[in-house]
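First comes the structure, then the notes that go with it.
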Protein chains: 2
Amino acid sequence: MATIYDVAREAGVSAATVSRVLNGARTVDPAMVARVLTAVRELGYRPNAVARNLRRSRTTLWAVIISDIGNPFFTATVRGIEDVAQQAGYSVVLCNSDEDPAKEETYVAAALSEQMAGVIISSSGSVKAAKTLLESPVPVVAIDRELPRGEVDTVVVDNEAGARTATEHLLTAGYRRIACITGPEGVSTADLRLRGYAGALPSEPLVVRTDFREQGGYDAMSSLLSSSDRPDAVFVANNLMAVGALRCLADRGVDVPGEMGLVGFDEIPWADLVRPTLTTVAQPTYELGRMAARLLVDRIATPAAKPAKVVLPAELRPRQSSAR
Amino acid sequence: MATIYDVAREAGVSAATVSRVLNGARTVDPAMVARVLTAVRELGYRPNAVARNLRRSRTTLWAVIISDIGNPFFTATVRGIEDVAQQAGYSVVLCNSDEDPAKEETYVAAALSEQMAGVIISSSGSVKAAKTLLESPVPVVAIDRELPRGEVDTVVVDNEAGARTATEHLLTAGYRRIACITGPEGVSTADLRLRGYAGALPSEPLVVRTDFREQGGYDAMSSLLSSSDRPDAVFVANNLMAVGALRCLADRGVDVPGEMGLVGFDEIPWADLVRPTLTTVAQPTYELGRMAARLLVDRIATPAAKPAKVVLPAELRPRQSSAR
DNA sequence: TTGAAAGCGCTAACAT
DNA sequence: ATGTTAGCGCTTTCAA
């Protein structure tokens, strides 16, 4: 690969001048600019970002560490992040931790080693990854899920209120024994949605914890169906588990919403095309991403500012699965 | 941030020794290893990958440039890539071109500037991006879609055969006037699936081209419904457009599969939960990702080897939407 | 306005 | 087995 010195020689100028031209300094003679650009084109020169980053001690890359690329929730969120990032001159690289704390730690370590300009993370619960990030100088924004013990910029939805609304909706519809399927302890969305559910319930809570995956939801629903204290409705704390639960009910021939009501948290892509259509608590995903990116831009500009916490509203979308 | 020299000073050794310890050289005295590791821990030292990459003139990052992060097709594919990459000592960063050639070009440029160790790309059709990649020394594997005019390692499914099978399936089911909704010209999947469809058809083809998005499928179906030559079945060349088409039919109250048969190419996540369930041509997505990653590993090891082209089979999954 | 030169942090010859 | 040293490619003072 051609280096900046090759270009300099070809154009008959110094490397410093080439650098100035390429970085848009206005103190360069137009004639030289032309010569440099010609040389760049002829040699097919492409600046080595690694060298530049080393010299500048900074990069223009953001790492966005998401917990499950298979969850459509992240699609719109990432788009929101990308749109703001691009405008601010950053490129976004996505890292998929796949709900695996070990992978999350690997990606956090990589982001720091690679001197990324910032990190946006939806924690899969690794305390170690969170600690590493917090002790590092890299600007961090937590999204969707709070960072364990983290005093950092955070963008979440009002999980507790959303869960409460969903549970009250089931009560209003006439369901009496409402269970909750939620995610792993220590993941803030799992815990807060559980709290919202429990708070809305006049009776004793009935809780199953599992992972945030479709299979987890299936298994959880399966165990609820065969329990002695079988519920007549379930609030499911994320979208993929809700789909799993729905599939389980279909497989078992349980009538939804007649025999069993169902509300999920998080939209699923074709919530209105599945049968029965799925009642969900929808989140402003795109806006979540935009907001996180804006916070990160601000944080990079002002590292010492007090961390912000933004809570966006979630909204119930009543559909068939809860309409008794 | 602490540098390798800080660690060296703290441990009372040279920077070279620290480097050796950190890179697992076995020619280091165990006592020194211990001292170095202690110093590393005390200082919270973290190697600067940018400096390392510059010095080594290589990185351990792969760029995976996908054309639409919102398409669930890529979920399993990316997982396949990641699993192989991790085993081979590479980290994967995802870049979402969002079917936008300009974004694709930006990400290709970034991947080259950042000296990424390799690129796996699902082209959104930018000839310029393809050219840039092919003229660069970076190892490239095309996945899902062929790279425009690219003599590179390629992993695709047998699009033509899959489309033919789908079309024949509709004919066998008794549909007579079968249309095709496909993607942009120049995108290999769009063109090959169209060819497979046309090849299987005894009559004149009826084709609508649009983008590969849900809205595109909706609009295309809408125009087919109001055309004078209204079809009784449609083969839709990707998953998102199939969902759009299905939604359009639902909105218009057209009975599927009675009034209109439908087959999509690519699975959708809950094909069996939507109503009617959607007949699709399924692809071995995870295997596609694994294969691409394996080719990339080989290519990095043997840059001069002849490019391979791997064609994996696609498989019809008959469901309700085509069962007249 | 331009060039010379130093140095970002690391690794790998080479020397000891 | 360990240290010395040069240099990866770039940017940015500093001097002219």
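Proteins come first, then strands; the chains are lettered A, B, ... in the order of their sequence lines, and each starts at number 1.
A salt bridge does not link B:Arg290 to B:Glu82: none of the charged side-chain nitrogens sits closer than 4.0 Å to a carboxylate oxygen. Salt bridge status for B:Arg35 with B:Glu10: absent, with no side-chain N to carboxylate O gap under 4.0 Å. Between A:Glu104 and A:Lys128 no salt bridge is recorded (no basic side-chain N to carboxylate O distance below 4.0 Å).
DNA chain D lies under 4.0 Å from at least one heavy atom of each of the following residues of residues 45-55 of chain A: A:Tyr45, A:Pro47, A:Asn48, A:Ala51, A:Arg52, A:Arg55. Non-hydrogen atoms lying under 4.0 Å from DNA chain C are contributed by A:Val13, A:Ser14, A:Ala16, A:Thr17, A:Arg20, A:Thr27, A:Val28, A:Asp29, all within residues 10-31 of chain A.
Note that CG of A:Leu288 and OH of A:Tyr286 are 12.5 Å apart. Values are rounded to the nearest 0.5 Å. Here OG of B:Ser97 is found 8.0 Å from NZ of B:Lys103. Values are rounded to the nearest 0.5 Å.
Of the N and O atoms on the side chains of A:Thr59 and A:Gln115, not one donor lies less than 3.5 Å from an acceptor on the other residue. Using a 3.5 Å distance cut-off with no hydrogens or angles, the side chains of A:Ser124 and A:Glu99 do not pair a donor with an acceptor.
One atom, OH of A:Tyr5, and another, C1' of C:dA4, lie 9 Å apart when rounded to the nearest Å. Atom CG in B:Leu43 sits roughly 15 Å away from atom C1' in C:dG9 (whole-Å rounding). The nearest whole Å value for the distance from the CD1 atom in B:Ile4 to the C1' atom in C:dA12 is 12 Å.
Using a distance-only test at 3.5 Å, with no hydrogens or angles considered, no donor-acceptor pair links the side chain of A:Ser57 to the main chain of A:Asn53. With hydrogens and angles disregarded, a donor-acceptor distance shorter than 3.5 Å links the side chain of B:Arg299 to the backbone of B:Ala305. Looking only at distances, no side-chain donor or acceptor of A:Asp98 sits under 3.5 Å from a matching main-chain atom of A:Asp68. Here the side chain of B:Asp153 pairs a donor or acceptor atom with the backbone of B:Ala308 at under 3.5 angstrom.
Taking for each of A:Met1 and A:Arg58 the nucleotide of DNA chain D with the nearest heavy atom, the 5'-most of the two is the partner of A:Met1.
With sequence neighbours excluded, no residue forms a salt bridge (Lys or Arg N to Asp or Glu O under 4.0 Å) with A:Arg55.
Two end axes, each from the C1' atoms of five base pairs, can be drawn for the helix from C:dT1-D:dA16 to C:dT16-D:dA1; they diverge by 40°, to 10 degrees.
The footprint of chain A on DNA chain D, defined by a heavy-atom cutoff below 4.0 Å, extends from D:dG9 to D:dT13.
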List the atom pairs, donor and acceptor, that lie under 3.5 Å between side-chain atoms in residues 16-25 of chain B and the rest of the protein, sequence neighbours left out.
from	atom 1	to	atom 2	distance (Å)
B:Thr17	OG1	B:Ser14	OG	3.3
B:Ser19	OG	B:Asn23	ND2	3.4
B:Asn23	OD1	B:Arg56	NH2	2.9
B:Asn23	ND2	B:Ser19	O	2.7

